[in-house]
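Since the structure comes first, as structure tokens, the remarks are kept for the end.
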Amino acid sequence: MASSNTCWGIEIGAGGVRGLKLQADGGSIRVLDFISFDHPKVLSTPELDQDDAMRVALGMLASQYDLSNAQVAISVPGHQSFARFAKLPPVEPKKVPDIVKFEAVQQIPFPLEDVEWDYQTFVSPDSPEVEVGIFAITRQRIMERLTLLQDVGITPDVATLSPIALYNAFAYDLEFTETTLGTILLDIGTMASDLVIAHSGRVWVRTFPIGGHQFTEALAETFKLPYSKAEKLKREAEQSKHARHVFQAMRPVFTDLVQEVQRSIGYYQSLHPNSELKRLIGVGSTFALPGLRKYLKQQLQMDVYKLEQFKRINVDGPRAGEFQTASINLATAYGLALQGLRMATLEANLMPTKLVREAMWRRKTAWFGAAAAVAAAASAALFIRPMMDNAAITAAGTPAQFQQAINDANARKAMAQEKGALAGAGDQLQAEQMIQMLDSKEIFGHIVSDVGAMLAAAERQRGNLRSDAPIYTVNTITTDYRPGKSAAAAAPSPSMGYEREMEDPGFNEFVRPGMPGSPIPGRPAPGSAVASSEPSEVRDKPRIYVEMQLTTIAPDPYKFTTDTIEQWLRENVKRAGLPYEIFLEDEFWSHQRLEASAATPGGRDRTTQRGPRLRGPETEISEFVPMPGAPGGRGPMPIPEQGRGGGGERPYVGGGGTTQGEIDLDRLAPLSPPEETGPAPTATVTVRWYVILEPAAEASEGGES
């Protein structure tokens with residue numbers, strides 16, 4: 001049976017295998033053993049069979065080290081998994097799991113039954129906000145990794161994301177607290193890099209696809225070398241007399257790496273405006289490249305450190321120097337072993353529950369057998385009498401009076417079903433809700449007018465910004481009619497929305513349902529979880545949920561949106577003569593800084609009539625959910641004329657095809673779009689609000705109709 005106070009943390013990376021065996025001794029830990037060896041060829045080598053290479057490495061691991069007498073914790077790469085962070089609405093602690101599950105359905109780009117996932121909440125004493133980190137991996141990927149391990153007789157107890165293990169290592173070794181300096185951890189791996197931000201007791205993770213592989217490719221292309229020789233040149237660059245030329249060849253990749261780090265920092269600070277990040281700590285063999293640390297320090301304007309050795313663990317004796325040299329690659333294994341010892345800050349475990357139970361059962365079988373024998377001998381007399389009494393009661397049968405009552409009830413139930421008294425009222429109720437929706441059709445015209453008014457108000461405050469382009473461009477407006485308590489309690493409401501793109505375009509670019517009624521497999525049934533996530537002030541009232549995504553060219557989008565869109569909504573919550581009022585949540589809008597797409601001048605796609613395809617921080621993940629076709633009867637609201645306050649629908653010109661009788665102008669007279677000379681977009685802004693329908697207004701409209 002594995003010892004509960006001893007754990008192997010094992011990282012099977014693309015560069016090699018790293019492991020650390022720790023033992024808990026009271027409140028401290030000590031190193032019992034460690035592993036660090038490279039693959040003969042890195043797994044990014046073209047035409048290399050990665051599975052075979054990993055089998056060879058695991059065979060070497062199992063043959064040289066005994067892993068049976070300790071817990072085992074493994075990692076899965078950040079670019080093959082998923083990490084997402086969100087703020088939760090203020091709810092009672094006992095309701096947090098339900099809210100998190102609803103959030104997981106929205107954020108994870110796969111049906112929950114196809115993934116292994118876990119979460120961690122973060123709370124600061126000086127803030128009422130509760131943040132949650134959701135971590136997931138597809139069941140197929142985790143099973144592929146576990147199958148390779150089981151082939152050599154290894155069954156892990158813990159599986160977690162590499163960036164989570166990295167954070168756990170430094171949180172323990174540097175003793176992170178809520179007052180610790182804002183710290184960036186950067187692990188530059190072979191295939192991708194994990195960036196972890198630790199600030200005020202909170203954690204934020206992002207993985208981007210730049211690693212040692214990109215540096216090797218740059219050398220291979222510049223010096224016309226085979227991949228294996230370019231890899232060797234990269235590793236020996238620091239000792240090479242041609243180090244300067246090697247650095248120049250890799251400089252474009254250095255620039256890309258710094259830009260990704262800067263984008264990550266910018267996005268995090270847009271979510272946490274008061275955060276101050278003071279230092280960056282780098283790990284991984286690639287971080288030892290000549291000039292990289294200095295380049296990062298110059299570009300980021302912060303202290304940059306390379307991990308040299310750990311502070312709270314060490315190895316004495318002849319292997320001390322070897323351990324210090326290997327430390328730069330052992331941080332992930334360090335964090336894994338801590339989690340196996342139940343000493344980690346983050347405890348997210350992605351091991352399939354079934355496999356964990358099977359492993360525990362195998363380890364405890366011998367103990368169960370002995371315990372069962374003792375229990376049987378000691379308590380046989382206590383069980384004999386109750387068993388005899390139960391047999392006597394069973395033999396007596398059901399009393400005649402009870403059986404008659406059961407028969408009568410079954411007969412009445414059958415009669416009621418035959419008459420249709422127990423039939424569901426779903427069709428009738430849905431028809432009634434459709435009628436309610438049509439009775440309130442004038443409201444949608446008011447919503448379009450409101451959007452036009454707030455855009456016009458913004459145009460009046462554009463100040464000295466000289467450009468013919470509107471200050472705001474509407475990308476999408478999504479609405480969803482939701483009936484009041486009486487109807488919603490019985491069945492879901494029909495949706496007037498359509499599937500929208502994810503609100504944070506910088507993350508994994510998959511499509512999630514914006515409204516109830518989504519046809520995407522694995523999503524909740526319409527209305528099943530929406531009401532529980534809405535504010536209590538609107539939950540029981542007939543309402544329309546509105547979500548609008550804008551692109552702005554304002555130099556300071558946060559301040560400008562606060563002074564224009566937010567101010568307009570707050571000043572126009574309730575107005576005389578309108579049959580509704582506006583309700584705003586505490587955080588009803590968010591923004592994402594961006595770089596304009598170069599696909600078309602001005603970043604606008606003429607075919608889709610959408611805004612620019614924007615790039616922001618994104619977690620690399622191998623699978624994605626494709627954009628579904630628009631279901632029948634659903635579509636976007638008319639978008640008002642940009643910046644003019646009008647409510648007219650924008651005409652559609654061109655596109656992928658035309659219906660009979662229409663003319664495809666793009667095909668007959670293709671025109672190049674005019675050169676864009678105005679300022680590039682600076683951010684996307686997503687605004688959400690509720691239109692609360694007054695009961696009196698609904699009654700009067702229903703009477704007229």
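Throughout, numbering of the chain's residues begins at 1 and tracks the sequence.
Between the CG atom in Leu161 and the CG atom in Asn349 there is a gap of 11.0 Å [rounded to 0.5 Å]. Between the CG atom of Leu569 and the CH2 atom of Trp589 there is a distance of 11.0 Å, given to the nearest 0.5 Å. For the atom pair CD (Glu581) and CZ (Phe583), the distance works out to 9.5 Å, reported to the nearest 0.5 Å. Atom CG of residue Asn5 and atom CG of residue Leu341 lie 7.5 Å apart, to the nearest 0.5 angstrom. Atom CD of Glu131 sits about 8.5 Å away from atom CG of Leu88, to the nearest 0.5 Å. Separation of atoms CD1 (Ile544) and CH2 (Trp689) is listed at 11.0 Å; rounding is to 0.5 Å.
For Glu11 (side chain) and Tyr334 (main-chain N/O), no donor-acceptor pair under 3.5 Å exists by modelled atom type. Remark: the backbone N or O of Ser75 is not paired with any side-chain donor or acceptor of Ser162 at under 3.5 angstrom. Without hydrogens or angle criteria, Arg84 side chain to Ile108 main chain gives no donor-acceptor distance under 3.5 Å. At least one donor-acceptor pair closer than 3.5 Å links the side chain of Asn572 to the backbone N or O of Trp568. Distance alone, capped at 3.5 Å, places no donor-acceptor pair between the Glu547 side chain and the Thr686 backbone.
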message = Test salt bridge (Lys or Arg N to Asp or Glu O under 4.0 Å) on Asp450 and Arg575; report intermediate values, then the result.
response = CA-CA 12 Å; Asp450 286 352; Arg575 288 161 288 171; 3.1 Å; yes

task = Could you check Glu116 against Met351 for side chain to side chain contact (heavy atoms under 4.5 Å, CB included), going step by step and ending with a plain yes or no?
result = CA-CA 7 Å; Glu116 296 293 339; Met351 274 293 293; over 6 Å; no

key: Verdict with supporting geometry, Ile582 and Val546, side chain to side chain contact (heavy atoms under 4.5 Å, CB included)   = CA-CA 10 Å; Ile582 294 173; Val546 185; over 6 Å; no

ask   = Would Phe82 and Phe110 satisfy side chain to side chain contact (heavy atoms under 4.5 Å, CB included), going step by step from the backbone distance to the final call?
value = CA-CA 11 Å; Phe82 178 82; Phe110 309 97; over 6 Å; no

request  = Please report the C-alpha distance between Val158 and Leu336 in whole Å, then the side-chain angles of each, then the deciding distance to 0.1 Å, and finally whether the side chain to side chain contact (heavy atoms under 4.5 Å, CB included) criterion is met.
outcome  = CA-CA 8 Å; Val158 174; Leu336 290 170; 5.6 Å; no

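Looking at heavy atoms from C-beta onward, Ile477 lies out of side-chain contact with Phe444 at the 4.5 angstrom threshold. Taking the side chain as every heavy atom from C-beta outward, Thr345 and Phe176 never approach each other to under 4.5 Å. A heavy-atom distance below 4.5 Å is found between the side chains of Leu338 and Ile29. Counting only heavy atoms from C-beta outward, the side chains of Pro352 and Met143 approach each other to under 4.5 Å. At least one side-chain heavy atom of Met548 sits less than 4.5 Å from a side-chain heavy atom of Met454. For the pair Glu534/Tyr690, a side-chain contact is recorded, criterion being any heavy-atom separation below 4.5 Å from C-beta on. Residues Asn274 and Ser200 have side chains not in contact (no heavy-atom distance under 4.5 Å, counting atoms from C-beta outward). Side chains of Tyr472 and Ile565 form a contact here, defined as non-hydrogen atoms less than 4.5 Å apart.
Aromatic ring pairs are classed by plane angle as parallel below 30°, tilted from 30° to 60° and perpendicular above 60°; the pair Phe85 and Phe135 is perpendicular. Ring planes of His199 and Tyr268: perpendicular class, angle over 60° (limits at 30 and 60°).
Neither side chain, Thr478 nor Thr476, offers a donor N or O lying under 3.5 Å from an acceptor on the other.
For His446, the ring pair (Phe, Tyr, Trp, His ring centres under 6.0 Å) partners at least two apart in sequence or on another chain are Tyr580.
Between Val100 and Val132, the shortest heavy-atom contact is CG2-CG2, 3.9 Å. Of all non-hydrogen atoms in Phe208 and Val261, the two that sit nearest each other are CZ-CG2, 4.2 Å. Ala169 approaches Ala331 most closely through the heavy-atom pair CB-O, 3.2 Å. Of all heavy-atom pairs between Leu149 and Pro156, the closest is CD1-CG, 3.6 Å. Nearest heavy-atom pair across Glu103 and Ala86 is OE2-CB, 3.7 Å. Nearest heavy atom pair, residue Ala192 against residue Thr207, reads CB-CG2, 4.0 Å.
A salt bridge links Arg206 with Glu260: the closest approach of a Lys/Arg side-chain nitrogen to an acidic carboxylate oxygen falls below 4.0 angstrom.
The number of heavy atoms from other shown groups lying within 6.0 Å of NZ (Lys87) is above 12. Other residues, nucleotides and ligands contribute over 12 non-hydrogen atoms within 6.0 Å of the CD atom of Glu537. Within a 6.0 Å radius of OH in Tyr558, no more than 12 heavy atoms belonging to other residues, nucleotides or ligands are found.
When each of Ile164, Asp194, Leu346, Leu195 is paired with Val205, the side chain to side chain contact (heavy atoms under 4.5 Å, CB included) condition holds for Ile164 and for no other.
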